[in-house]
Amino acid sequence: MTIPDFDICTFDDHDGWQKLPGRVVYGGRYVQVEECHFRTPARPGQDIPWTVAHRVPAVAVAAFTEDGKFVLVHQERLPVKRALWEFPAGQIDDGETRESIIATVLRELDEEAGVEALPGAEFTPLGWFFASQGFTSEHVYLFAVGPVRIVRAPQPVGGEHIGEVRLVTPDELRHLVASLIIQDALSLALFARLSARGMV
């Protein structure tokens with residue numbers, strides 16, 4: 001397949017923004033917590049203390065079938081003690097390149113939903129969003145992919161559990177958002193981008 005062209009999110013110093021060297025106070029596999037200082041364009045003479053949680057970037061995917069239905073998964077989310085209806089999503093494990101990001105999109109569709117892209121499927125980049133910008137640098141790349149088809153049951157990894165895969169029409173998707181059934185930031189951000197582009 002042809003890898004689509006899209007921007008990669010970076011955090012280099014620029015235009016008066018500067019991050020000073022910090023100290024990692026927790027270094028887990030998926031999350032690192034750093035105490036550091038920043039300088040900003042509005043406060044160039046100040047060293048502003050902050051605590052930042054660094055996470056591996058991720059993808060979230062609005063996959064749709066030939067008849068225009070979106071793929072949702074019902075996934076257990078342990079920190080909030082709930083199973084939530086979500087778009088398929090997952091972390092980018094192999095560096096932040098266009099190729100690794102698209103590979104993650106395909107992997108997550110396969111693992112979480114048992115879905116594959118049909119020949120000629122379009123991969124539409126919808127930018128990225130910051131999951132909780134007040135304390136973490138985590139960012140999630142958003143995509144629409146279709147058409148796709150379900151080929152098997154989900155095979156989640158790493159202790160995840162997906163109880164059901166569901167196909168929903170755009171009207172049903174809007175209802176799930178409006179009725180507070182869809183509650184996760186990734187799916188809500190992806191829905192917002194789809195809506196802004198007239199795709200739902």
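In what follows, residues are counted from 1 in the order of the sequence shown. Every value quoted in this text rests on a predicted model; they were computed, and no experiment measured them.
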| message | Run Q91 and R55 through side-chain contact (heavy atoms from CB on, under 4.5 Å) and show every step you take. | response | CA-CA 9 Å; Q91 292 185 329; R55 286 203 67 193; 2.6 Å; yes
| task | Please test V115 against V145 for side-chain contact (heavy atoms from CB on, under 4.5 Å), starting from the C-alpha separation and ending with a verdict. | result | CA-CA 11 Å; V115 161; V145 176; over 6 Å; no
| request: Mind running side-chain contact (heavy atoms from CB on, under 4.5 Å) on Q18 and L20 for me, showing each step along the way? | output: CA-CA 6 Å; Q18 183 182 10; L20 304 177; 3.6 Å; yes
| Passes side-chain contact (heavy atoms from CB on, under 4.5 Å), R77 versus E86? Steps please. | CA-CA 11 Å; R77 293 303 190 179; E86 306 175 0; 2.8 Å; yes
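When every heavy atom of S179 is checked against every heavy atom of H175, the shortest pair comes out as OG-O, 2.6 Å. Pairing each heavy atom of P88 with each of A113, the nearest pair is CG-CB, 4.3 Å. Between D13 and K19, the shortest heavy-atom distance links the atoms OD1-N, 3.1 Å.
Side chain of R152 to backbone of D110: a donor-acceptor contact under 3.5 angstrom is found. When atom types are taken as modelled, the side chain of T104 and the backbone of I92 share no donor-acceptor pair closer than 3.5 angstrom. Looking only at distances, no side-chain donor or acceptor of T136 sits under 3.5 Å from a matching main-chain atom of S132. Side-chain N or O atoms of S187 include none that pairs as donor or acceptor with a backbone N or O of D184 at under 3.5 Å. Listed for the W17 side chain is no donor-acceptor partner under 3.5 Å among the backbone atoms of F38.
Within 6.0 Å of CD in E122 there are 12 or fewer heavy atoms belonging to other residues, nucleotides or ligands. E66 CD: 12 or fewer foreign heavy atoms inside a 6.0 Å radius. Annotation: H37, atom NE2; neighbour count of heavy atoms from other residues, nucleotides and ligands within 6.0 Å is above 12.
Note on V61 and V56: separate hydrophobic clusters, where clusters join Ile, Leu, Val, Met, Phe, Trp and Tyr whose side-chain heavy atoms are under 4.5 Å apart, directly or indirectly. Residue I8 is grouped with residue V105 when hydrophobic side chains (ILVMFWY) are merged at heavy-atom distances under 4.5 angstrom, including chains of intermediate members. A single hydrophobic cluster is not seen to contain both L84 and I162; linkage of ILVMFWY side chains at heavy-atom distances under 4.5 Å, directly or through other members, places them apart. Under a hydrophobic-cluster definition in which Ile, Leu, Val, Met, Phe, Trp and Tyr are linked whenever side-chain heavy atoms come within less than 4.5 Å, directly or via other members, V151 and V148 are assigned to different clusters. Under a hydrophobic-cluster definition in which Ile, Leu, Val, Met, Phe, Trp and Tyr are linked whenever side-chain heavy atoms come within less than 4.5 Å, directly or via other members, V31 and V25 are assigned to the same cluster.
Rounding to the nearest 0.5 angstrom, the gap separating the CH2 atom in W128 from the CD atom in E96 is 8.5 Å. Taken to the nearest 0.5 Å, the SG atom of C9 stands 4.0 Å off from the CZ atom of F130. To the nearest 0.5 angstrom, R107 atom CZ is 4.5 Å from D93 atom CG. The CD atom of Q32 sits 9.0 Å away from atom OG of S137, with the distance rounded to the nearest 0.5 Å. With values rounded to the nearest 0.5 angstrom, Y141 atom OH is found 7.0 Å from F6 atom CZ. Between atom CD1 of residue I48 and atom OG1 of residue T40 there is a gap of 4.5 Å, rounded to the nearest 0.5 Å.
For F11 and H54, the ring centers are positioned 6.0 Å apart or more.
F129 belongs to a hydrophobic cluster whose remaining members, ordered by chain and number, are F64, F70, L72, W85, F87, L126, V140, L142, V168, L173, L176, V177, I181, I182, L186, L188, L190, F191, L194, M199, V200; membership requires side-chain heavy atoms of ILVMFWY residues under 4.5 Å apart, directly or through intermediates.
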